[in-house]
Every structure is written in C-alpha cells, then in structure tokens.
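First comes the structure, then the notes that go with it.
The structure displayed is predicted, hence computed values, not measured ones. Every chain is numbered from 1, with letters handed out A, B, ... down the list of sequences. Values below: every heavy atom of this structure, side chains too, minus hydrogens, waters and symmetry copies.
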Number of protein chains: 2
Amino acid sequence: MTQMVASQAPDGSKARRVYLLLRDEILGGHLAPGDSLPGELKLAELHGVSRVTIRRALEGLETDGLIERRAGSGTSVRAPGAQPGQIIADLATLMPQLRWMEEATTARLLAFSYGVPPGPVAEALGLAEGARVQRAVRLRLAGGLPFSHLTTQVPEPIAQGYSESDLATTPLFRLLERRGVVVDHARQSVSAVLATPEVAEALELSVGAPLISLTRVVYDAAGNGVEHLSALYRPDRFRLEMTLNRVGAADARHWEPVVVAGSGEKAGP
Amino acid sequence: MTQMVASQAPDGSKARRVYLLLRDEILGGHLAPGDSLPGELKLAELHGVSRVTIRRALEGLETDGLIERRAGSGTSVRAPGAQPGQIIADLATLMPQLRWMEEATTARLLAFSYGVPPGPVAEALGLAEGARVQRAVRLRLAGGLPFSHLTTQVPEPIAQGYSESDLATTPLFRLLERRGVVVDHARQSVSAVLATPEVAEALELSVGAPLISLTRVVYDAAGNGVEHLSALYRPDRFRLEMTLNRVGAADARHWEPVVVAGSGEKAGP
DNA sequence: GAAAGCGGTATGATAAATCATACAGGAAAC
DNA sequence: GTTTCCTGTATGATTTATCATACCGCTTTC
C-alpha cells in the first residue's frame, strides 16, 4: 500500500504557518505521542490568530494522521505510525545505514545536461571561467517513497568517462574511480533550505517545506574539484547522524568522530 | 551600527513563498552575483502567480540588499555584501571555528527551569518516567547578532552541581566535568525545521524561515544520558562543515572524517 | 446531574492577497 | 530612430483568508 502523500498543508499564510509549526513540534520530538494539545481556543491565543485559523491547521495535521481529535475530549498526538522507515546516514562515513528498511533504494534520473555552472559552483570546483560541467539531477527513493533530491556537477573532461545510462544505475563514485579519478578528500557542509516548486514536486511535499541541504565538494589528490554535490533531504524520511567519542588526555580532551567499520561501500547518498 | 534585521519577508502566502525561494537560490549559491534574473513577467509565469505578487517578493529581496533593479534593464543579483561574517563549526570536533570573526560570541540566558521533559527527550536520555530535568534556553550571538538558539536539558541530579548564573557564563561542558561527570560519547543528528514564533523572535528572523536543527545527546561512560541539546542555527550566519579523507586499501577504501588539531577547547556550540 | 471545557458547525463582516489590465519611461539591440 | 524588453506605477475587480461570535453536542470532572 502506498502511503498517503504527507503534506496536506493549508493555503493561507497564518494557517499554514501554524500547521507547519505544530507539525515540526510533533515530528521533532517535543510532543510525544499521546500528549494532548492545548485547546483550540488556547492555541488561537498562543499563536495570535483566530480559532478558525487554528482549525484549518489542525485539519491539515489530522489528514496527515499526526493528531487525533475527539469532540468533547480534546486533541492529542497520534502514535507515529507515520514513520514507517527512516533512512539514517552516517555523516562521518557518508554511508547510509538503512536501518529497518532494506527495501531497495532506487534512483531516478530527472535531468541530464551539460553547461556552464553557476558561479559559486565553478568556484568551489576550482574551474576556469566558462569551463563546462555535466549536470545530473537524480531522485532517490526508498520503498517507492522519494527522500532525496541530488544535483551533481562534474567537470566535463572527467564526465566524459560515463554515459547517461551509467548514471541511472551506478553510483557516481564508482564511475569516477573507474575513470581513473583518484578521489582524495571531500568537504561538506550542512544547512537548511525551503523546498522550491521543482523539488517539492519531486519529493512529494509542499512548497516551502524545510529540507536538509548537504553540499559536498570532492577533490582529487591534486586538490582539483571532481564533483560538486548538492543534496536535499526530506527531514521526515532522512536523518544525518554521527557518533562522537570523547578522547585524549585530561588536559587535551576533545571529540573525535566514530568511524563505523564499513561493511563495504554500499551506495551514494 | 547594528545591521538591519534581515528578513523583510512579505506577508502573503504566495508572495512570501516566492521571496523565500529566490532568496535561497541567491544565498544558496545557485545564482551568482551579477547574474540577472528572468523578467518579472517570466517569473510570474514560472511560479504561476501574477506579476504583482512577483513584485512583492522582489521588493523584499531589494530591501534585503540581495538584488538590484534597474528600470528598463532588468533585475540582477547584487554582490553579497550581506555576508559580513559567518560562523563555521566543525561537525567532527564540535568546535566552532570562528573564521573571520573573532568578535566575541556572547551568550544570553533566555529561560531556566526544572520540570518533566517531553517524552522523546526523556527517552533519549534514558530517564525513568517522571524524572525531572533542568532546562535552559540560551541564545548565542556573534558581534551582537544572534545566530543560534540552544535548549539544553540535563537530568536534575546532575544539574545540581551548578547554578543559573554559572550557565550564563560557563559552557555547559565545563560545568558538567567540574561536577565530576565523565563525558564519554555523544550522538548527534542534523535536520531542518521552520522557525517558530518564539525562536524567530530570538533569532531576529521571520516565522517560517528555515533553520538548521542539531540534536545531540551526550552520554557518560555508563551509557547514561547527561545532556540533551537541541540547537537551532540561522543558516545565513552559521555553517556546519567537515572534511573527509578517502583512506584505506584499494579493496576497502572508505571515508574518514578529518579531526582538526584542536587548539584547546573553546566554547560550546 | 450540573458545570466546565472541548471540538463540530455555521454565519456574516472585515481585511488582505491576488489577479487582470493598462500605460508611462528607461535601457539596450537593431 | 525605432523596436523590444524591462521595470515603475496605477486601478478596480475578485478571490481568499481571517476574524468575531454564536450555538450545538459530547466528554470529563466535581
């Protein structure tokens, strides 16, 4: 059974805001299943809107299956049956650890083109002015549900080593290394952005929803950029995690990431 | 001179959406300074709204100083003088590396209380039902500009070791270790959320803006949770970064995070 | 069983956003 | 110079969101 598409977000400005806010509070763990929400009138006062608006927000949450409303009794947070499987990736190793979901994660190629990259990307890759890249947009799904939207940009000379059809099946890394590129190090940064109409449609959520943004630039031994990845993840279906150990002598204790003994490389992000 | 508060976000649903979308595209690096945007009519068509709405969005961007509009010529992305100083934290070591900003990062205590934590937090800390925690909400500022909103929750027995005034001045870690708590390891995960009215006000941005969410649970050697941190960062003023090296023999190459040689511990997150 | 609190429903007023359309003037291309 | 495309500006209609208020029926509590 294909689970219902999540977002039934209200249209209006305030209603939508309240909806997203409460949604984050529920999914984000500040409200536990079974907890009861304040009354609609109380919520209206808290958020500075009318009850009608609160109502609209709650309706959205209800059709999402996040809350349960009983006349006379009140509104409470439902058991999170809405978390069928979350994909957890290890930030330290870049390896997705599909916890309770060994359902095949598939990939779909959304776009494929060559052209001059936007300035910041060219700069990050260390490209000369006007140098061209191959650009591929891919969507990753787990159990048929999309969870990430990936845009990779590879300098054209390097990208010659593989074809469009290769991309649809093989992780980009494999392709690069097969091409003889010696991947040496990478630099990644995490941020948060809002879903644009394009990615919102691909990821099956509403425009303006929050997304995890991971930008990674991969370099070869010479320090030349060989890949620029811009990944967008649905927070409800994907988590970036890592474990740290507190190590070192008493006078120089510091944190050190734990590298999970990799059981062989699995897939790209 | 305290820089003008960033967000001049439009009110309306669609206008606001377009505003935030374009804003992310500019700040996110997909549009380089000097690039020119599509015409207002074109944008209207692209986003499926009227020109008036596009106009409202662009007005917001203009007052933010992100774009430049010239009658007859068009609209273009302005040089990002709007990035005065970004704080970059290393995910692998938890150490903020204040790059070009050694301006003192100060902290402000927003709330301080004791109580029963929300279910998920209690679970993460491994607390018994009804066990109480100390809860502190702090705001961190760099050069007077707030960039992060931190909520820490510490089991009450542990939290007895320090006072409210301690918290305002000393990093929580120091306090814990002074108390004799042996911090052993931590588990953190990164996500993305929207700004609630409360944090939006504290961080001086508009409700619904995207925020980086970092949740960290710190454990002692026995595996008991000693601290639950929920941090929210402004993406425009804060970045989470890390560097990875590609190591290992050819048959087992994998990624390993680079631990920067810490020049002593500086501050909490 | 009465009271208080809650969600479910309805209504009309008010405010706000959005739209469709039009025209003036600057800038650049031909 | 003329054409074309762009922003700047204006107007009035229209749709949408929000508000204030009221009443009903249900649940829980006292």
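Put simply, the side chain of Leu110(A) reaches to within 4.5 Å of the side chain of His149(A), judged on heavy atoms. Contact check for Leu139(B) versus Leu203(B): side-chain heavy atoms found under the 4.5 Å cut-off. Contact annotation: the side chain of Ser191(B) never approaches that of Leu240(A) to less than 4.5 Å [non-hydrogen atoms, C-beta and beyond].
Here the C1' atom of nucleotide dG8(D) and the CD atom of Glu62(B) are 11 Å apart, to the nearest Å. Glu68(B) has its CD atom 14 Å from the C1' atom of dA27(C), to the nearest Å. Following rounding to the nearest Å, Arg69(A) (CZ) and dG8(C) (C1') show an atom-to-atom distance of 8 Å. Arg16(B) has its CZ atom 12 Å from the P atom of dA17(C), to the nearest Å. Whole-Å rounding puts the Arg17(B) CZ to dT18(C) C1' distance at 12 Å. Separating the CD1 atom of Ile54(A) from the C1' atom of dG8(C) is a distance of 16 Å, rounded to the nearest angstrom. The CG atom of Leu43(A) sits 12 Å away from the C1' atom of dC6(C) (whole-angstrom rounding). Summarising the geometry, the separation between CG on Leu58(A) and P on dT9(C) is reported as 13 Å, rounded to the nearest angstrom.
Taking the charged nitrogens against the carboxylate oxygens, Arg78(A) and Glu68(A) have no contact shorter than 4.0 Å, which rules out a salt bridge.
In the set dC19(C), dT7(D), dG7(C), the nucleotide with an atom closest to the side chain of Arg51(A) is dG7(C). The side chain of Thr75(A) has dG7(C) as its nearest neighbour among dC19(D), dA20(C), dG7(C). With dC19(D), dC19(C), dA17(D) as the candidates, the nucleotide lying closest to the side chain of Val49(B) is dC19(C).
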Quick one: do Glu40(B) and Arg69(B) satisfy salt bridge (Lys or Arg N to Asp or Glu O under 4.0 Å)? Show the steps, please.
-> CA-CA 11 Å; Glu40(B) 295 180 353; Arg69(B) 303 204 280 178; 3.3 Å; yes

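Few gaps surround CD on Gln160(A); more than 12 heavy atoms of other groups in view lie less than 6.0 Å from it.
As judged by a 4.0 angstrom heavy-atom cut-off over every strand, Arg55(B) is placed among the base-contacting residues. Backbone-only engagement by Arg70(A) is indicated by non-hydrogen atom pairs under 4.0 Å involving sugar-phosphate atoms exclusively.
Considering only side-chain N and O atoms, Lys42(B) lies nowhere under 4.0 angstrom from the phosphate OP1 or OP2 of dC5(D). Taking 4.0 angstrom as the limit, Ser73(A) places none of its side-chain polar atoms (N or O) nearer than this to OP1 or OP2 of dC26(D).
Distance alone, capped at 3.5 Å, places no donor-acceptor pair between the Arg135(B) side chain and the Val116(B) backbone.
Nucleotides of DNA chain D nearest to Ser13(A) and Ala71(A) differ in position, and the one nearer the 5' end is that of Ser13(A).
Helix bend of the helix from dG1(C)-dC30(D) to dC30(C)-dG1(D): the angle between its two end axes, each built from five pairs, comes to 40° after rounding to 10°.
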